[in-house]
Amino acid sequence: MNGPRLRADSCTAAQGLVLPCEAEKFIAGPGVYICNECVEICVNILASRPTTSFPPLDERSDDELLTDMAQIAASRDQVEEAVIDRARRLRARGVTWARIGENLGMTRQSAWERFSTDSD
């Protein structure tokens with residue numbers, strides 16, 4: 001997306017920092033998005049350049065922390081949906097529950113209980 005200044009509650013990169021983002025551009029993918037400003041921060045980190053420091057969470061207001069918490073929860077829900085989608089796609093391809101569970105650090109039985117549907 002391009003525009004003068006776009007507003008997102010928080011880009012995916014900023015979720016760890018939990019900052020609202022206003023940026024000129026956003027890059028979007030399935031369940032993820034990142035603003036051009038956060039891309040620049042990531043580039044600086046990878047290039048070992050100094051980055052802007054962010055205020056400690058203890059300096060944020062109650063309302064800011066509540067907003068942060070809701071954004072983190074929404075991000076967690078998106079990740080969970082993506083994991084479920086991948087498990088279903090893998091099962092449709094014939095990948096075993098044992099292999100799915102192994103890659104998620106759980107047993108075959110746990111993977112089946114978490115992701116199985118009536119068709120399994």
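Computed over heavy atoms, backbone and side chain alike; hydrogens, waters and symmetry mates excluded.
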Checklist entry - About how many Å separate CD of E59 and CD of E64, when rounded to the nearest 0.5 Å? => result 10.5 Å
Next on the checklist: Donor-acceptor pair, distance only, cut-off 3.5 Å: does the side chain of R88 make one with the backbone of A92?
Outcome noted: no
Checklist entry - Would you find a donor on one side and an acceptor on the other, under 3.5 Å apart, between the side chain of T67 and the backbone of D63? => result yes
Item to check | Short side-chain to backbone donor-acceptor contact, E81 and Q78, under 3.5 Å | outcome: no
Checklist entry - Which distance, rounded to the nearest 0.5 Å, do you find between the CD of E113 and the OG1 of T107? => result 7.0 Å
Item to check | M106 with V79, same ILVMFWY side-chain cluster at under 4.5 Å | outcome: yes
Next on the checklist: Nearest 0.5 angstrom please: R91 CZ to I100 CD1, how far?
Outcome noted: 6.0 Å
Next on the checklist: Apply side chain to side chain contact (heavy atoms under 4.5 Å, CB included) to residues R86 and V83 and explain how you reach the verdict.
Outcome noted: CA-CA 5 Å; R86 296 327 183 268; V83 171; 5.9 Å; no
Item to check | Contact check, side chains of T96 and W112, non-hydrogen atoms, under 4.5 Å | outcome: no
Item to check | Closest contact, heavy atoms only, A111 versus W97 | outcome: O-CZ3, 3.5 Å
Item to check | Distance (rounded to the nearest 0.5 Å) between L65 CG and D58 CG | outcome: 8.0 Å
Checklist entry - What distance do N103 atom CG and L90 atom CG have between them, rounded to the nearest 0.5 Å? => result 8.5 Å
Next on the checklist: Within this structure, what is the CD1-CZ distance for the pair I84 and F115, rounded to the nearest 0.5 Å?
Outcome noted: 6.5 Å
Checklist entry - Is any NZ, NE, NH1 or NH2 atom of the basic residue among E80 and R114 found under 4.0 Å from an Asp or Glu carboxylate oxygen of the other? => result yes
